[in-house]
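A quick write-up on the structure given underneath.
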Amino acid sequence: SGMWEDFTLLGRTVISGDVISPIADQVYTGRAVEPDVTVTVGGIKLTKDDDYTASYTNNINPGRATVTIMGIGDYTGTKSVSFTIKNNWLASSDISWYDEKKPSYTITTNEQLAGIASLVNSGSADMMGKTITVSSDIDLTGAEWTPIGTESNPFNGTLDGKGSSINGLVTSSDISNTGFIGATNREAVVQNITISADVKGMNNAAVLVGLNNGTIINCKTGGASSGGQNIGGIAGLNNGIIRSCVSETNVTGTENAGGIAGSNSETVQNSVSAGNVSSAGNAGGIVGSNRGTVNMTDAVGKTTGAAAGGITGYNSGAVSGSNWLKDSGGSPAAGSGTGDPVSGDCKGYDAGELSEMPTVCVLLNNLTITSDRNGSFTITAASYPTTSDAQITFEAEGVTFTPPAISADGTPKTVKASGGANSSYTVTIKNAAGEKLAEFKLTNKAPRGGSGGCNSGFAALAALSVIPVVMRRKKK
């Protein structure tokens, strides 16, 4: 009959019908894609190479690929099923910009950005001591992203976004160490970049870096990250330093999910999480499982899990100077779900007290300080998060300037102060309640400064002889 026309009976069991389970979409890697197949005949799961062989065709480039199984041993006949290899930016990567003799490079296109992954993942380029600058916003919509760096070939250079944004990033591979960057080593620095993404992976998954062993400074993430163990907004598994970062990422994991990092063994500092976090196990507003240091952080999203804490899900490290929102639709009353309690200077706030909650990164967005060397300073900034306005007050040579508040809607505002040449200014940042959040001094005798955010923004002020005095108001 027609249903047997593709098979030859040899007195053995015939492989026929829907015996191959559907194969999920695969992602272009530049190499042959050979996903495992599940073959079941008469309720019995067959074993590859004992009961059948599998061969693949058209399985390198994006498009439709085919796997064909052929019965052996006690089985006979053949059966084919197709699957999709999704387009990936790696397929059109551009590495023409790379010259191993140069110490720095500037990236402006999607294809050049994908070229970093092509060079690093293959081990054909060593980025140690080199700086890659992303000088323009990039939209990755329309194709899968291959993370930069693997555990065996981690990214080891400096990637500086200079305030640029990368949007539309998508990863859906069933792999670990995934995100914009898959893995970094101790020498790596990732800074001054905003990433919006939908990241799906197995373990160690985050919008920015899946497995971080380096330093992450002044970065912001949004979108969603989901997977198994160690899932975060900034980093999945953090064995390095995360400082002055903001995550608006919604994080979902089966174990160790955190707004900033799924699991932390080193340092998370001066950072804010505003996304929701959920896990079947450890869930923390900042870190899912903490064995390192968490200092001066705020979590304002909803956190739920079997072991859920406002700051950490599980803690055996040091947590201090941090705050969380207690009743954001289910966020816990405790700072740590299990393990050691957080230190006494941490505090949970009710929703009605949100405007009183101190913010670590008051001036995350577009913080720019310029000097004309003749007594005039200009500060352009936007406050974060969008819970209350930030007020900048200048005190210069006994005169107090109180410009309009920096709006909490994220719109940059500019304030100015003028005085004599070589004059000194004390700049105080306050919240809507008038409480001091930060204070530093400017001395008007240096070249124009740069831009940045949070503490890295303050670091950028070093060229203006900035002396940090108070980085945060005292707890009540």
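The first residue of the sequence shown is numbered 1, and numbering continues consecutively from there.
How far CD1 of Ile148 is from CD1 of Ile181: 5.0 Å, rounded to the nearest 0.5 Å. Distance check, rounded to the nearest 0.5 Å: SG of Cys219 to CG of Leu208 gives 5.0 Å. Atoms CG and CG, on Asn323 and Asp298 in that order, are 5.0 Å from each other to the nearest 0.5 Å. Here CG of Asn282 is found 10.0 Å from CG of Asn230. Values are rounded to the nearest 0.5 Å. From Asp51, atom CG reaches atom CG of Leu46 across 4.5 Å, with rounding to the nearest 0.5 Å. Of the inter-residue distances, the one linking Ile195 atom CD1 with Ser225 atom OG reads 13.0 Å to the nearest 0.5 angstrom.
Put simply, the side chain of Leu169 reaches to within 4.5 Å of the side chain of Val199, judged on heavy atoms. Put simply, the side chain of Tyr52 does not reach to within 4.5 Å of the side chain of Met70, judged on heavy atoms. For the pair Val170/Trp89, no side-chain contact is recorded, criterion being any heavy-atom separation below 4.5 Å from C-beta on. Side-chain contact check for Glu151 versus Leu211: some heavy-atom pair is nearer than 4.5 Å. Residues Ser279 and Thr252 form no side-chain contact, since every pair of their non-hydrogen atoms from C-beta on lies 4.5 Å or further apart. Side-chain contact between Ile166 and Leu140 is present, with at least one heavy-atom pair separated by less than 4.5 Å. Counting only heavy atoms from C-beta outward, the side chains of Val81 and Phe83 never approach each other to under 4.5 Å. Between Val268 and Thr293, the closest side-chain pair of non-hydrogen atoms is not below 4.5 Å.
For the residue pair Thr249 / Thr221, a side-chain donor-acceptor distance below 3.5 Å is found, with atom types taken as modelled. Ser135 and Thr133 form no side-chain donor-acceptor contact under 3.5 Å, judged by distance and modelled atom types alone. Counted by atom type alone, Asn167 and Ser165 present zero donor-acceptor pairs between their side chains at under 3.5 Å. Checking Thr68 against Ser80 by side-chain atom types alone, a donor-acceptor pair falls below 3.5 Å. Side-chain atoms of Ser21 and Thr38 include no donor-acceptor pair closer than 3.5 Å. Using modelled atom types, one finds a donor on one side chain and an acceptor on the other under 3.5 Å when comparing Ser172 with Glu144. The closest side-chain donor-acceptor pair between Asn315 and Asp340, if any, does not fall under 3.5 angstrom. Counting only N and O atoms by type, the side chains of Asn295 and Gln269 include a donor and acceptor under 3.5 Å apart. Judged by distance alone, the side chains of Asn212 and Thr184 do bring a donor and an acceptor atom under 3.5 Å apart. Looking only at atom types and distance, the side chain of Arg64 has a donor-acceptor partner in the side chain of Ser82 under 3.5 Å away.
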Just do the side chain to side chain donor-acceptor pair (under 3.5 Å) check on Asn153 and Asn121 with the steps written out, would you? CA-CA 6 Å; Asn153 288 312; Asn121 297 5; over 6 Å; no
Test side chain to side chain contact (heavy atoms under 4.5 Å, CB included) on Ile242 and Ile260; report intermediate values, then the result. CA-CA 9 Å; Ile242 299 174; Ile260 298 295; 4.0 Å; yes
Evaluation steps, side chain to side chain contact (heavy atoms under 4.5 Å, CB included), between Thr304 and Asn276: CA-CA 8 Å; Thr304 56; Asn276 297 327; over 6 Å; no
Go through Thr53 and Ile69 one step at a time and tell me if the side chain to side chain contact (heavy atoms under 4.5 Å, CB included) criterion holds. CA-CA 5 Å; Thr53 61; Ile69 63 169; over 6 Å; no
Does the salt bridge (Lys or Arg N to Asp or Glu O under 4.0 Å) test come out yes or no for Asp50 and Lys48, once each step is laid out? CA-CA 5 Å; Asp50 288 337; Lys48 185 181 178 183; over 6 Å; no
Please determine whether side chain to side chain contact (heavy atoms under 4.5 Å, CB included) holds for the pair Ile132 and Ile116, giving the CA-CA distance in whole Å, both sets of side-chain angles, and the decisive distance to 0.1 Å. CA-CA 9 Å; Ile132 300 173; Ile116 306 174; 3.8 Å; yes
Could you please spell out the steps behind the side chain to side chain donor-acceptor pair (under 3.5 Å) verdict for Thr312 and Ser336? CA-CA 5 Å; Thr312 63; Ser336 178; 3.1 Å; yes
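Under a 3.5 Å cut-off, the side chain of Asn156 and the backbone N or O of Met128 do form a donor-acceptor pair. Looking at Ser93, its side chain never comes within 3.5 Å of a backbone N or O of Ala114 through a donor-acceptor pair. Looking only at distances, a side-chain donor or acceptor of Ser124 sits under 3.5 Å from a matching main-chain atom of Leu119. Side chain of Thr84 to main chain of Lys86: no donor-acceptor pair is present (N/O by atom type, distance under 3.5 Å, no hydrogens or angles). In this structure, the side chain of Asn203 does not engage the main chain of Gly236 through any donor-acceptor pair within 3.5 Å. The backbone N or O of Cys245 sits less than 3.5 Å from a side-chain atom of Ser271, completing a donor-acceptor pair. Within the 3.5 Å criterion, the main-chain N or O of Pro154 finds no donor-acceptor partner in the side chain of Asn185. No side-chain donor-acceptor contact under 3.5 Å links Thr215 to the backbone of Val189. Listed for the Ser289 side chain is no donor-acceptor partner under 3.5 Å among the backbone atoms of Tyr314. Between the side chain of Ser164 and the backbone N or O of Val134, at least one donor-acceptor pair lies under 3.5 Å.
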May I have the list of side-chain donor-acceptor pairs in residues 103-112 shorter than 3.5 Å, sequence neighbours left out?
unit_1: Tyr105; atom_1: OH; unit_2: Asp99; atom_2: O; d: 2.6
unit_1: Tyr105; atom_1: OH; unit_2: Lys102; atom_2: O; d: 2.8
unit_1: Thr108; atom_1: OG1; unit_2: Gln112; atom_2: OE1; d: 3.3
unit_1: Thr109; atom_1: OG1; unit_2: Gln112; atom_2: N; d: 3.1
unit_1: Asn110; atom_1: ND2; unit_2: Asp139; atom_2: O; d: 2.5
unit_1: Gln112; atom_1: OE1; unit_2: Thr108; atom_2: N; d: 2.8
unit_1: Gln112; atom_1: OE1; unit_2: Thr109; atom_2: N; d: 3.3

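When all heavy atoms of Gln229 and Asn256 are compared, the pair lying nearest together is NE2-ND2, 3.7 Å. Here the shortest heavy-atom pairing between Thr297 and Ser322 reads OG1-OG, 2.8 Å. Taking both residues in full, the closest heavy atoms of Trp145 and Asn88 are given as C-ND2, 3.7 Å, listed atom of the first, atom of the second, then distance. Nearest approach of Ile85 to Ala65, heavy atoms of both residues: CD1-CB, 4.0 Å. The nearest pair of heavy atoms linking Ala307 to Thr338 is CB-CG2, 3.8 Å. Across every non-hydrogen atom of Ser278 and Ala283, the tightest pair is C-CB, 4.5 Å.
Separation of the Trp324 and Tyr349 ring centroids does not fall under the 6.0 Å cut-off.
Residue Asp160 is tested with Asn218, Asn192, Thr131 for a side-chain hydrogen bond (donor to acceptor under 3.5 Å, both in side chains); the sole match is Asn192.
With a 6.0 Å radius and a threshold of 12 heavy atoms from other residues, nucleotides or ligands, Ile72 has its CD1 atom above the threshold. Taking a 6.0 Å sphere around CD of Glu34, one finds it holds more than 12 heavy atoms contributed by other residues, nucleotides or ligands.
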